[in-house]
Amino acid sequence: MANYDVIIIGAGPGGYVCAIRCAQLGLKTAVVEGRETLGGTCLNVGCIPSKALLHASHSLHEAQHNFARMGLKGKSPSIDWKQMLTYKDEVIEGNTKGIEFLFKKNKIDWIKGWGSVPAAGQVKVGDDIHTANNIVIASGSEPSTLPGVEVDEKVVVTSTGALALGKIPKRLVVIGAGVIGLELGSVYARLGAQVTVIEFLKEITPGMDKDVQKTLQRSLKKQGLNFIMGAAVQKTEAGKTKAKLTYKLLKDDSEHVIEADTVLVATGRRPFTDGLGLEALGVVMERGQIQVGKDWQTGVKGIYAIGDTIAGPMLAHKAEDEGMAVAEQLAGKHGHVNYSVIPGVIYTAPEVASVGQTEQALKEAGVDFKAGKFQFMGNARAKTNFAAEGFVKILVDRKTDRILGAHIVGPAAGELIHEVCVAMEFGASAEDLALTCHAHPTFSEAVREAALACGDGAIHM
Ligand code: NAI
């Protein structure tokens, strides 16, 4: 079979971006993908379809809650669930076909099927063995399950099933107040479901800034999501159309039962590396996670791994950056990823975005820092758009004013955060941001105001 410079296993954001960059840098490249379409979890059953449902349900929310205030009167739109799913599927198709086009444009071979690595330099797909100087594992992740909770993708579902439910459930119970639980919980709450989120910890979105956790939870509660915190799920018992879920409250060990039409299990994801045959070759794995060095190479020469299969946040853009960096290394350049500037976004309303250190992490590390905070209430554009909930908080080194982190809850947070990311990449101070002219009226003025608050004070607060 054909010989390549690089074979990449997996065509998600890590793998397909790596392939495109490899091809751009002159390497003969192939990607092995077993799914019918390219794009991996993100494009097929993750980030992209969930954003379609978030957009549609947010539009409904706007129509129901804000249109009349702006003088837009009429009958509120009703939900055609089948059409909403068609819209979501069209979005998926447009994006996955786009990657197919990019593969053709860049002369990347798509080897269809599931690959394994029988030896360094070899990739087996079906009965064929393809050879390559380098192999990049980008096989992604899959939802992790809980003992006692059996997923059938109909009544008890992971994010995959939750994106294609037969109908909108009347009662949805979400296990896990992480990113997936809150995004999909928001979707169904806006579409009329009674949503209860059961979370093991005392706070939502573990690891995020405490201010963000509190503000987001308050807002989601106002939107009708119900939270049961400090609760360990014991088991689910599912019938054809509903399920019973048993949980224990950690504070008093009391056992409770809740009924739902749909249960969404959103308790994290784990690397999808089964069946690749890596361990037999001597690649070190820990609970499915591939161990790599600073150059993303495993202990076996010529085998690399990126994205959700290795340590770090399971985020499409982190995988993309690693994919590009590995490609550049394979082409003799110097690929690099700055892990301290990887933004995280939760696409709820209000949106949440973070980069760098949290206040809690800085306190624990004994760093002398200062926080500059600005509420969107003081931002004219946000008030105009009925989106003045939330804040921008910038954390800086008290002595040098260098930006160490930023946390945003509010309109377009996922876009605004990148101004801070660029500033951090350049080692900027809050004063650098504060001295930069920002167009008025924009949401981004709130970022400038938070930067001003790190110095002599914000203007509109
Ligand atoms: P997560 O790790 O964000 O949250 C899981 C939550 O489940 C945690 O709060 C955890 O404490 C809780 N939990 C665990 N076991 C539990 C139990 N037995 N009972 C009750 N609660 C329990 O995981 P999630 O939301 O499933 O997301 C998986 C991955 O996908 C994450 O790495 C996330 O970053 C990524 N993702 C990112 C998105 C984005 O960037 N917008 C969107 C969707 C997923």
Side-chain angles (χ1 to χ4, degrees), residues 12-14 40-55 140-151 156-163 173-187 196-208 210 212-213 216-217 220 225 227-236 245-250 255-256 258 263-272 289 307-321 342-355 408-409 413-415 417-418:
T41 299
C42 173
L43 271 67
N44 289 283
V45 286
C47 328
I48 300 300
S50 63
K51 258 79 272 174
L53 295 185
L54 279 157
H55 178 61
S141 60
E142 60 182 357
S144 55
T145 44
L146 283 177
V149 176
E150 203 176 312
V151 171
V156 182
V157 299
T158 65
S159 50
T160 305
L163 292 166
V173 170
V174 178
I175 313 176
V179 190
I180 292 181
L182 299 183
E183 287 185 1
L184 290 174
S186 291
V187 165
T196 304
V197 182
I198 302 184
E199 166 59 48
F200 186 78
L201 300 170
K202 286 194 186 122
E203 292 94 20
I204 64 168
T205 57
M208 290 208 102
K210 292 231 177 313
V212 169
Q213 293 174 330
L216 179 63
Q217 191 176 7
L220 293 174
L225 276 84
F227 287 90
I228 300 174
M229 306 301 288
V233 170
Q234 307 293 302
K235 62 174 178 186
T236 51
L245 181 146
T246 309
Y247 64 90
K248 244 184 196 173
L249 284 181
L250 301 178
E255 206 167 84
H256 304 260
I258 185 168
V263 175
L264 165 61
V265 189
T267 50
R269 298 180 62 87
R270 61 186 179 92
F272 179 50
Q289 191 181 78
D308 290 6
T309 67
I310 64 170
M314 288 186 166
L315 296 171
H317 43 282
K318 175 255 193 190
E320 289 181 34
D321 280 21
I342 294 187
V345 179
I346 310 178
Y347 299 85
T348 44
E351 209 162 85
V352 172
S354 288
V355 66
I408 308 177
V409 182
E415 308 296 331
I417 197 72
H418 296 97

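The analysis underlying the following values was restricted to heavy atoms, covering all of them including side chains, and did not include hydrogens, waters or symmetry mates. For reference, positions follow the sequence shown, starting with 1. Counting starts at 1 for both ligands and their atoms, following the listed order.
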Considering only heavy atoms, does Tyr347 approach ligand 1 within less than 4.0 Å through its side chain, its backbone, both, or neither? side chain

Give yes if a backbone or side-chain nitrogen or oxygen of Leu315 is under 3.5 Å from a nitrogen or oxygen of ligand 1, and no if not. no

Heavy-atom gap Pro313 to ligand 1 smaller than 4.0 Å: no

Tell me which protein heavy atom sits closest to atom 12 (C) of ligand 1, plus the residue, atom name and distance to 0.1 Å. Glu199 OE1, 3.2 Å

List ligand 1 atoms under 4.0 Å from Leu146, heavy atoms only on the residue side. 18 (N)

Need the ligand 1 atom indices (1-based, order shown) with element for anything under 4.0 Å from a heavy-atom of Val233. 19 (N)

Between the side chains of Arg270 and Glu142, is the shortest nitrogen-to-carboxylate-oxygen separation below 4.0 Å, so that they form an ion pair? yes

Options Gly268, Ala177, Gly181, ranked by nearest heavy atom to atom 2 (O) of ligand 1, top entry: Gly268

Among Leu54, Leu216, Ile346, Val345, the one residue meeting side chain to side chain contact (heavy atoms under 4.5 Å, CB included) with Glu351: Val345

More than 12 heavy atoms from other groups under 6.0 Å of NE2 on His55: no

Ile175: numbered ligand 1 atoms lying under 4.0 Å from its heavy atoms: 19 (N), 20 (C)

Non-hydrogen side-chain atoms of Ser159 and Leu184 separated by less than 4.5 Å: yes

Closest to atom 15 (N) of ligand 1 among Thr267, Val352, Val197, Leu201 (heavy-atom distance): Thr267

